[in-house]
Number of protein chains: 2
Amino acid sequence: MLAGTDRKREILSVSQRLFKEKGYSTTTVREIARELNIEPASLYSHVHSKEDILDQICFGMAEKLLLAIDEVNDIYFDAEGKLRMMVDNHVGILTDDLNAAIVFIKEWRHLSEPRLSEFVRLRKRYEQGLREIIQTGIDEHKFNEIDKKFGALTILSTVNGIIDWYKPEGNLKPKEIADSLYTFIWSGLRLDN
Amino acid sequence: MLAGTDRKREILSVSQRLFKEKGYSTTTVREIARELNIEPASLYSHVHSKEDILDQICFGMAEKLLLAIDEVNDIYFDAEGKLRMMVDNHVGILTDDLNAAIVFIKEWRHLSEPRLSEFVRLRKRYEQGLREIIQTGIDEHKFNEIDKKFGALTILSTVNGIIDWYKPEGNLKPKEIADSLYTFIWSGLRLDN
DNA sequence: AGCTTTGCCTAACAAATGTTAGCCGGAACA
DNA sequence: TGTTCCGGCTAACATTTGTTAGGCAAAGCT
């Protein structure tokens with residue numbers, strides 16, 4: 001049984017939306033079932049537990065993002081290219097699956113051990129990738145010698161912030177958002193301001 | 001009976017910490033009581049409900065921030081002064097009561113109507129104050145003609161992001177953080193980059 | 001046709017939840 | 001000294017929670 005039965009995808013999709021709207025712990029297994037016109041117990045044919053759903057959403061997003069940032073650090077050599085591509089990828093991935101992104105960013109802490117620690121590990125790896133980009137910029141004398149941790153975390157909250165207001169039907173398209181954010185961040189980090 | 005009995009402050013303080021650590025809906029009235037060496041039912045001598053606690057935390061922070069930004073827009077006339085003071089105040093208020101700040105930012109949506117709508121109204125008013133600052137900068141030809149909503153929300157997520165990593169015992173002091181963030185934001189918005 | 005698997009069902013459970021009712025000792029106040 | 005009231009207690013409540021056991025019909029495979 002592979003990961004993506006149709007029914008299972010529906011469950012994940014519905015759960016994402018509900019988790020986004022009400023938060024993970026306020027969302028009920030019964031609510032998820034009701035939206036699928038199914039009895040609560042029937043969910044357990046497709047999913048091991050409620051937390052299993054959260055798990056798949058969170059790690060699904062984490063893997064996409066990690067893959068993307070590793071690629072960036074592999075392909076590009078200068079800080080400008082790296083940062084631009086990173087922001088582009090990051091914004092693209094979040095906006096492409098907004099519900100999942102929101103859950104990923106806001107609800108991961110409801111994971112329980114040992115998956116919680118594993119998730120945190122992945123997140124640290126992503127931050128590490130970001131610091132690599134910043135280091136590149138410093139080496140090129142493009143960035144100030146800022147605290148790299150500060151820089152990475154500030155970039156992260158800046159780009160992640162879009163999930164609070166991005167609307168697919170709005171007039172700002174992901175690509176434009178990424179461009180603006182890139183400019184904002186690049187200027188914010190740049191040497192000689 | 002005024003707002004701040006000693007016992008009541010203890011309840012708020014303990015609740016803030018627990019809400020921060022586990023989230024509002026995962027935190028139990030019984031847990032709060034246990035930390036105070038009290039029976040769960042005894043809480044209700046000081047507080048109307050669990051949500052009442054969340055209410056006071058969220059609106060307490062909201063009022064502090066609103067007061068601060070109104071002051072900024074009253075006192076200062078140029079964008080630079082306004083922005084600098086705003087970031088300073090914002091970072092100061094968040095770091096001064098970190099637990100409350102985290103709950104304020106992450107748990108407000110568990111408020112129920114009609115308080116939820118009222119809270120959202122206050123938040124919008126704060127964003128409006130921010131847009132006023134941005135407008136000042138545009139009028140002075142210091143900022144790009146950016147989408148003001150985009151700008152306000154990006155600034156907000158950038159400064160709010162600190163709650164995810166700020167540690168009072170760390171080596172970055174609030175004032176330094178505010179300075180770095182100010183520079184970051186100012187440069188990010190500035191015309192001619 | 002017989003067998004297996006899939007996907008749902010009904011029924012139920014044990015645990016945990018927020019909250020209320022009613023009591024009671026001691027401090028504060030008259 | 002008598003009375004009020006504050007801040008805690010015990011006991012219990014009705015719901016809601018995630019989850020399991022066991023069955024059953026239809027589809028798919030051999």
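All values below were derived from every heavy atom in this structure, side-chain atoms included, with hydrogens, water molecules and symmetry-related copies excluded. What you see is a predicted model, and the numbers here were worked out from it, not measured in a lab. Chain naming here is simple, since letters A, B, ... match the order of the sequence lines and numbering starts at 1 in each.
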Atom-pair distance ([atom1] on [X]; [atom2] on [N]), nearest Å:
| X | N | atom1 | atom2 | result |
| --- | --- | --- | --- | --- |
| B:Leu43 | D:dG7 | CG | P | 13 Å |
| A:Arg7 | C:dT6 | CZ | C1' | 13 Å |
| B:Tyr44 | D:dA11 | OH | C1' | 15 Å |
| A:Lys8 | C:dG7 | NZ | C1' | 14 Å |
| A:Asp52 | D:dT20 | CG | P | 12 Å |
| B:Ile53 | C:dT19 | CD1 | C1' | 13 Å |
| B:His48 | C:dT20 | NE2 | P | 10 Å |
| B:Ile11 | D:dC6 | CD1 | P | 15 Å |

Are the ring centres of B:Phe143 and B:Trp186 closer than 6.0 Å?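 So the answer is yes for these two rings.
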So, do B:Phe19 and B:His110 have ring centers that fall under 6.0 Å from each other?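 Judged by ring-centre distance (under 6.0 Å), B:Phe19 and B:His110 do not meet the cut-off.
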Minimum-distance nucleotide to [X] side chain [options: [options]]:
| X | options | result |
| --- | --- | --- |
| A:Ala41 | C:dT19, D:dT19, D:dT20 | D:dT20 |
| A:Arg30 | D:dG7, C:dC9, D:dT19 | D:dT19 |
| A:Ile38 | C:dC8, D:dT10, D:dG8 | C:dC8 |
| B:Val29 | C:dT20, D:dA21, C:dT19 | C:dT19 |
| B:Ser45 | D:dG18, C:dT20, D:dG8 | D:dG8 |

Have a look at B:Ser42 and say if it touches a base, only the backbone sugar-phosphate, or nothing, with a 4.0 Å heavy-atom cut-off.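 Base contact - B:Ser42 has a heavy atom under 4.0 Å of at least one base atom.
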If each of A:Ser25 and B:His46 is mapped to the nucleotide of DNA chain D with the nearest heavy atom, which maps nearer the 5' terminus, i.e. the 5' end?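 By nearest-heavy-atom nucleotide position, the 5'-most residue is B:His46.
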Is the Lys NZ or Arg CZ of B:Lys50 less than 6.0 Å from the centre of B:Tyr24's six-membered ring, within 45° of the axis?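 Yes, B:Lys50 and B:Tyr24 form such a contact.
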Would you call A:Glu51 and A:Arg115 a salt bridge, using N to O less than 4.0 angstrom?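 Answer for the salt bridge query: no.
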To the closest 0.5 Å, what do you measure between CD1 (B:Ile134) and CG (B:Asp139)?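 Interatomic distance, B:Ile134 CD1 to B:Asp139 CG, rounded to 0.5 Å: 12.0 Å.
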